[in-house]
S.K.: 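The structure follows.
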Number of protein chains: 2
Amino acid sequence: MNVKDELRRNMPLFPIGIVTKLTELTPRQIRYYEQQGLISPERTKGNQRLFSFNDVDRLLQIKSYLEKGINIAGIREMLKQSQQVLEAKREAETAKKELSERELRRMLKQQIIHPRRGQIPLNHGELSRFFRH
Amino acid sequence: MNVKDELRRNMPLFPIGIVTKLTELTPRQIRYYEQQGLISPERTKGNQRLFSFNDVDRLLQIKSYLEKGINIAGIREMLKQSQQVLEAKREAETAKKELSERELRRMLKQQIIHPRRGQIPLNHGELSRFFRH
DNA sequence: CAATGCATGTAAGGAAAAATGACATTGCTA
DNA sequence: TAGCAATGTCATTTTTCCTTACATGCATTG
């Protein structure tokens with residue numbers, strides 16, 4: 001998922017009334033889950049909850065866990081864990097990107113030092129654009 | 001766009017407060033555009049407006065038209081037109097699908113009547129599955 | 001220029017929706 | 001049976017939204 005999508009998915013959009021319909025949870029339940037640290041929706045200036053897509057997904061997760069008989073404490077840990085998995089994935093992703101960037105730079109260097117026929121070498125000064133200053 | 005997505009995009013989700021932030025239009029403007037027939041958001045039981053994604057898109061359209069100096073009457077017509085274009089596209093789409101289905105049935109028939117070597121003919125009774133009862 | 005009309009601002013008064021807090025209920029489980 | 005976890009319910013207060021009405025700024029037109 002790209003950065004833009006993540007922003008969208010975290011954008012506070014829905015009041016609790018809509019969320020109750022989307023999740024079929026009662027306001028009481030949703031507020032309780034917040035109190036128990038399972039979700040932390042944003043608030044408006046006037047202190048009203050505003051939920052994002054991710055919040056709604058999380059609530060649906062919570063609901064399905066509850067239906068499986070897991071209690072709040074258990075769910076809290078499950079959610080923490082899946083959060084960590086997500087973060088790890090993100091890290092792995094950026095690491096991979098960095099790696100391939102370094103690879104790219106190495107290749108460019110090679111190409112400049114030993115230009116092969118049929119490939120256009122970079123002009124003087126252009127290489128610098130591929131390195132951090 | 002598939003049917004499921006369309007449902008999603010037409011689902012009434014946002015109260016006017018959120019929409020003002022998403023579009024940077026004032027409530028006054030939004031209500032006026034509704035009065036002028038440019039949008040028709042759903043209402044809650046208690047008569048409060050609820051906007052869908054499509055409504056928000058539409059408002060952004062309206063906004064950009066206004067910024068180009070088009071007046072409400074003009075925009076009303078533009079929107080009508082683009083609505084018609086959409087409908088035409090949908091029609092074309094379903095027509096195409098129907099056509100290819102008929103084509104498929106024709107081919108299946110051909111295949112049964114004149115089975116070519118290397119192709120497996122249908123078993124007796126299977127053809128009926130491809131026709132409406 | 002005065003008059004008109006369009007698009008928007010603003011304010012009042014009322015109603016819906018949401019917040020919090022407190023107490024009640026239900027279903028387990030020790 | 002007592003106790004806890006999860007949820008229901010109710011009262012009260014805030015916040016958000018609704019409609020209606022009047023005001024304003026700006027462009028057009030006679």
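Reminder, nothing fancy here: chain letters follow the sequence lines and each chain counts from 1.
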S.K.: Near A:Glu91 CD, under 6.0 Å, is it more than 12 heavy atoms from other residues, nucleotides or ligands?
M.R.: no
S.K.: Would you kindly give the CZ-to-C1' distance between A:Arg31 and D:dG8, to the nearest whole Å?
M.R.: 12 Å
S.K.: Checking A:Leu25 against A:Val19 for the side-chain contact (heavy atoms from CB on, under 4.5 Å) test, could you report, in this order, the C-alpha distance in whole Å, the side-chain angles of both residues, the deciding distance, and whether it holds?
M.R.: CA-CA 8 Å; A:Leu25 294 166; A:Val19 177; over 6 Å; no
S.K.: Whole Å only: how far is the CD atom of A:Glu42 from the C1' atom of C:dA19?
M.R.: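 So the two atoms are 17 Å apart, to the nearest Å.
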S.K.: Shared ILVMFWY cluster between A:Tyr32 and A:Leu60, side chains joined below 4.5 angstrom?
M.R.: yes
S.K.: Return the value, rounded to whole Å, for the distance between atom CD1 of B:Ile30 and atom C1' of C:dA7.
M.R.: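 Distance, rounded to whole Å: 14 Å.
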S.K.: With nearest nucleotide decided by heavy atoms, which residue, B:Gln36 or A:Pro15, maps closer to the 5′ end of DNA chain C?
M.R.: B:Gln36
S.K.: For C:dA18 and A:Asn47 - does any side-chain N or O of the residue sit under 4.0 Å from the phosphate oxygens OP1/OP2?
M.R.: no
S.K.: For C:dA7, does OP1 or OP2 lie under 4.0 Å from any side-chain N or O of B:Tyr32?
M.R.: yes
S.K.: So, B:Arg43 and B:Glu34, do they make that salt bridge, N to O below 4.0 Å?
M.R.: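 Salt bridge present between B:Arg43 and B:Glu34.
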S.K.: To the nearest Å, how far apart are A:Phe14 CZ and C:dA17 P?
M.R.: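 After rounding, the gap between these two atoms is 18 Å.
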S.K.: Using the side-chain heavy atoms of A:Gln29, tell me which of these nucleotides is nearest: C:dA7, D:dT7, D:dT19.
M.R.: D:dT7
S.K.: Report the distance from atom CD1 of B:Ile62 to atom P of C:dT8, rounded to the nearest whole Å.
M.R.: 10 Å
S.K.: Classify the ring geometry between B:Phe53 and A:Phe53 as parallel (under 30°), tilted (30 to 60°) or perpendicular (over 60°).
M.R.: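 The rings of B:Phe53 and A:Phe53 lie parallel, inter-plane angle below 30°.
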S.K.: Identify whether any heavy atom of A:Gln48 sits under 4.0 Å from a base atom; if not, whether one sits that close to sugar-phosphate; answer base, sugar-phosphate or nothing.
M.R.: base
S.K.: Whole Å only: how far is the NZ atom of B:Lys45 from the C1' atom of D:dC18?
M.R.: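 Atom-to-atom, B:Lys45 to D:dC18, this comes out as 18 Å.
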S.K.: Quick one: is D:dT15 close enough that its OP1 or OP2 comes under 4.0 Å of any side-chain N or O from A:Thr44?
M.R.: no
S.K.: Could you state the atom-to-atom distance from CG of A:Leu25 to C1' of D:dG8 in whole Å?
M.R.: 14 Å
S.K.: So, is B:Arg28 close to the C:dC6 phosphate, meaning a side-chain N or O under 4.0 Å from OP1 or OP2?
M.R.: no
S.K.: Quick check on C:dG9: is either OP1 or OP2 less than 4.0 Å from any side-chain nitrogen or oxygen of B:Thr26?
M.R.: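 Yes, within the criterion.
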S.K.: For A:Arg49 and D:dT14, give me the distance from atom CZ to atom P, rounded to whole Å.
M.R.: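 That distance rounds to 17 Å.
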S.K.: Please check the phosphate of C:dA7 (OP1 and OP2 only) for any side-chain N or O of B:Tyr33 closer than 4.0 Å.
M.R.: no
